[in-house]
Amino acid sequence: MPGEAQAKRVYITTPIYYVNDVPHLGNGYTTIIGDALRRYHQLRGHDVRLLVGTDEHGLKLEREAQEQGLTPQAFVDQMSVRFREAWPKLLVEPDDFIRTTEARHESLVRDIWQRVAANGDLKKGHYEDWYCVGCESFKTEKELLEGNICALHKKPVERLKEETYFFALDQYQDKLLDLYAKSPSFVEPDSRRNEVLSFVSSGLKPLSVSRTSFSWGIPVPSDPKHVMYVWFDALSNYWTALGGWDSELTKRFWPSDPHALPTKSDDPMVIHLVGKDILRFHAVFWPAFLMSAQMPLPSKVYAHGFLTVDGQKMSKSLRNAVDPLRLARELPGGASTLRYHLLRAISFGQDGDFDHAALLERYNADLGKNLGNLLSRVLGLCVKNTGNTAPAFEQAKRTDLDNAFLKDVQLSLAAAREHWDAIEPHRALEATWAASSRANLYVDQAAPWAEAKKGDLARVETILTTLVKVLEHLSAFIAPALPDKANEMRAQLGLQPLAPALNRDLLAIDFSDAPARPLGTATPLFPTLDAAGVAALLDSLVPKAEPAMNESTQPEKPPAAALPSGAPLSEPIAYDQFAATDLRIGIVLEAEKVPKKDKLLKLKVDVGEASPRQIVAGLALSFAPEGLVGKRVIVVANLAPRDFGKGLVSHGMLLAAGESNSLSLATVSDDVAPGTKVK
RNA sequence: GCCGGAGUAGCUCAGUUGGUGAGAGCGGGCGUUUCAUACGCGCUAGGUCGGGGGUUCAACUCCCUCCUCCGGCACCA
């Protein structure tokens with residue numbers, strides 16, 4: 001459209017999902033939000049782009065491929081397809097799908113790396129620490145659970161020592177704080193912003209950004225025995241997917257000024273949607289990388305919460321049991337119903353509960369009764385009274401009742417737009433449905449059937465055309481959440497499908513006069529479910545309760561297998577060094593939880609001495625205190641006392657092995673006396 | 001333990017700079033209309049606004065304190 005102002009530009013990204021995972025409700029949720037926002041902006045006539053993709057590098061995938069006898073590339077190829085094919089089934093239509101193994105990505109990541117290096121922010125050094133294959137990252141000991149278990153993946157970490165490049169993250173502490181201060185909406189919601197703030201304020205350390213211990217990654221330019229740390233690689237996708245330095249898309253969708261704040265109004269809005277678990281990478285590392293490379297920053301990192309399912313934590317098993325694709329197939333109203341519920345029921349940004357019963361209630365109440373039935377009754381009235389046409393819509397014919405109705409609708413829909421702009425889908429939909437409720441009220445107030453009985457056809461026509469006009473608007477306003485249903489609704493209203501175009505606002509509220517026009521054929525848009533139908537669906541869709549104990553007391557148990565075979569052994573030691581450790585058999589006499597310390601138990605242990613010792617151990621996630629009493633344990637008896645503050649001192653430690661939440665205490669048979677030496 | 005957030009009707013939550021009798025949606029109960037997908041509309045919640053103190057003419061809204069929940073950090077040598 002020549003001559004028109006440039007459309008507002010919006011670039012929305014979801015995380016690229018690690019291909020070892022599958023599309024599940026959690027990442028489906030993020031992706032649906034992204035698509036709903038994309039559709040909203042598209043309807044407003046904005047220049048919008050949605051990027052999704054897959055993260056395909058790392059040790060974990062290299063090993064997985066090996067186990068399956070595939071090359072890494074072949075393995076990730078087959079895995080990536082699952083995501084690519086999943087999203088359209090949720091009515092998600094991304095503009096691009098980036099894979100970190102694509103050449104277009106790799107070459108540009110190398111460019112970024114070189115700019116960061118040129119800026120003097122990459123230094124070679126050595127790193128030795130625990131490494132979690134699941135996270136693709138080193139863990140400080142403080143981040144690990146009892147028994148060197150990764151807190152996120154509940155799997156044992158490995159001891160790795162290797163040459164690595166360090167990124168000078170510490171040099172960016174002040175600049176990041178400055179960014180958060182000057183651009184308060186860079187991280188949202190506020191509670192997450194505070195967390196980021198406190199993390200950065202507490203001090204940043206250089207960040208290890210390369211590996212030499214595996215090869216499935218992007219080689220470091222000029223030092224190809226290193227591959228890039230997976231986050232350096234992965235985060236860059238948001239930018240590389242646009243095509244790089246001088247590409248058309250980069251100019252359109254990435255801000256141009258590396259020194260400007262990301263809120264400059266004439267720049268494109270770059271919105272990263274992320275789960276709260278990966279906020280730090282996006283809100284700290286990513287802008288620091290970009291600053292170092294002297295590249296412009298995104299506008300906003302929005303971290304949403306986690307979902308529980310029917311009030312329960314989404315464990316691995318549940319996560320697999322709640323399959324969004326299956327819901328999209330089996331729910332009445334299909335993917336749109338799922339989308340609507342996710343967008344409407346969960347306050348975006350907060351943790352939320354995905355409740356199957358609430359979903360069906362909402363389907364019946366909001367979709368079936370409130371909106372679906374409204375459409376049905378209005379169209380039915382039109383068939384009976386106006387020859388299935390929408391009569392001319394004319395201001396002059398309207399009464400106060402009609403105008404009050406339109407005024408309220410106008411207010412609600414305007415509010416809905418504002419809420420979409422503010423990334424508050426739940427509020428936007430609430431406001432949209434307020435307009436629908438208002439229309440139901442108006443039908444009753446205006447009572448066109450009564451006017452028809454009186455023979456006042458002109459009045460009937462005015463009422464019905466007013467309703468049809470509002471339904472037209474509703475059909476567009478529901479489209480971000482319920483794209484297919486929006487167009488079905490429009491077909492019934494005798495309208496063409498929504499056809500977004502740049503600078504054309506399809507969510508404009510237009511109550512200007514319009515001529516009469518024919519309507520389409522009415523058919524229930526959202527057939528309501530009766531009680532039996534609800535029960536049957538619930539029975540089929542709700543994951544069956546775990547047969548064993550409930551989740552909270554018995555967290556998911558990784559396989560009993562210990563460290564992966566690749567774990568390097570520690571350096572050999574002489575016998576004397578071992579002998580210096582005085583291991584004794586002890587019997588637990590008392591055990592209690594240490595208040596305010598998640599993981600600590602305070603024990604009284606008889607190690608054959610005059611009086612029992614107090615030992616503080618990080619066992620609380622695995623053992624109920626009372627379950628330990630009477631157990632024989634192996635105690636490191638000559639360990640220096642350790643003070644936990646407030647007079648809580650530990651005299652020794654216990655040997656334990658296994659998984660974080662299901663630790664196994666090293667023990668001996670019952671006939672060994674306390675104090676017996678172990679060697 | 002430190003930092004942050006939150007505790008308001010059965011459920012999910014709104015409640016602006018402190019001020020007329022504390023709200024919405026859903027569910028439940030009662031009533032009612034008949035155009036409609038047994039759908040709509042109206043009425044109905046006797047809630048100590050987590051507990052306790054305080055400031056004030058006046059506090060859900062400010063201060064202190066305690067409790068609980070949720071995050072983040074810390075805590076297992």
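Naming convention: chains lettered A, B, ... in sequence-line order (proteins, then strands); numbering from 1 in each chain. Computed from a predicted structure; not experimentally measured.
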Watson-Crick or G-U wobble partner for [N], using a 3.5 Å limit on both distances?
N: B:rC35; answer: none
N: B:rC2; answer: B:rG72
N: B:rG19; answer: B:rC57

Nucleotide nearest [X] when distance is taken to its side chain, options [options]:
X: A:Ser376; options: B:rA36, B:rC35, B:rG15; answer: B:rA36
X: A:Val443; options: B:rU37, B:rC35, B:rA77; answer: B:rC35
X: A:Leu441; options: B:rG42, B:rG72, B:rC35; answer: B:rG42
X: A:Arg192; options: B:rG71, B:rC35, B:rU37; answer: B:rG71
X: A:Arg377; options: B:rU37, B:rC41, B:rC35; answer: B:rC35
X: A:Glu195; options: B:rG71, B:rG15, B:rG40; answer: B:rG71
X: A:Thr528; options: B:rG72, B:rU37, B:rG15; answer: B:rU37
X: A:Arg280; options: B:rC26, B:rU37, B:rC73; answer: B:rC73
X: A:Pro524; options: B:rG40, B:rA14, B:rU37; answer: B:rU37
X: A:Ala365; options: B:rU33, B:rA77, B:rC26; answer: B:rC26

Open item on the list: At 4.0 Å (heavy atoms only), tell me whether A:Leu197 reaches a base, stays on the sugar-phosphate, or touches nothing.
Closed with: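 No contact.
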
Open item on the list: Quick check on B:rC70: is either OP1 or OP2 less than 4.0 Å from any side-chain nitrogen or oxygen of A:Lys276?
Closed with: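 So the side chain of A:Lys276 is outside the cut-off, no N or O lying under 4.0 Å from OP1 or OP2 of B:rC70.
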
TODO: Return yes if some donor-acceptor pair links the side-chain N/O of A:His419 with the main-chain N/O of A:Ala415 below 3.5 Å, else return no.
DONE: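 Here the side-chain-to-backbone pair exists.
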
Open item on the list: Has A:Thr386 got a side-chain atom pairing as donor or acceptor with A:Cys382's backbone, closer than 3.5 angstrom?
Closed with: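 Yes, the answer is positive, given that a donor and an acceptor are paired below the 3.5 Å cut-off.
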
Task: Note: A:Arg339-A:Asp484 ion pair, threshold 4.0 Å (strictly below) - done: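 Judged by the 4.0 Å cut-off on N to carboxylate O distance, A:Arg339 and A:Asp484 do not form a salt bridge.
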
Task: Lys/Arg N to Asp/Glu carboxylate O, A:Lys407 vs A:Asp400, below 4.0 Å - done: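 No salt bridge links A:Lys407 with A:Asp400.
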
Task: Rounded distance in Å - CG (A:Leu359) to C1' (B:rC26) - done: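 Distance, rounded to whole Å: 14 Å.
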
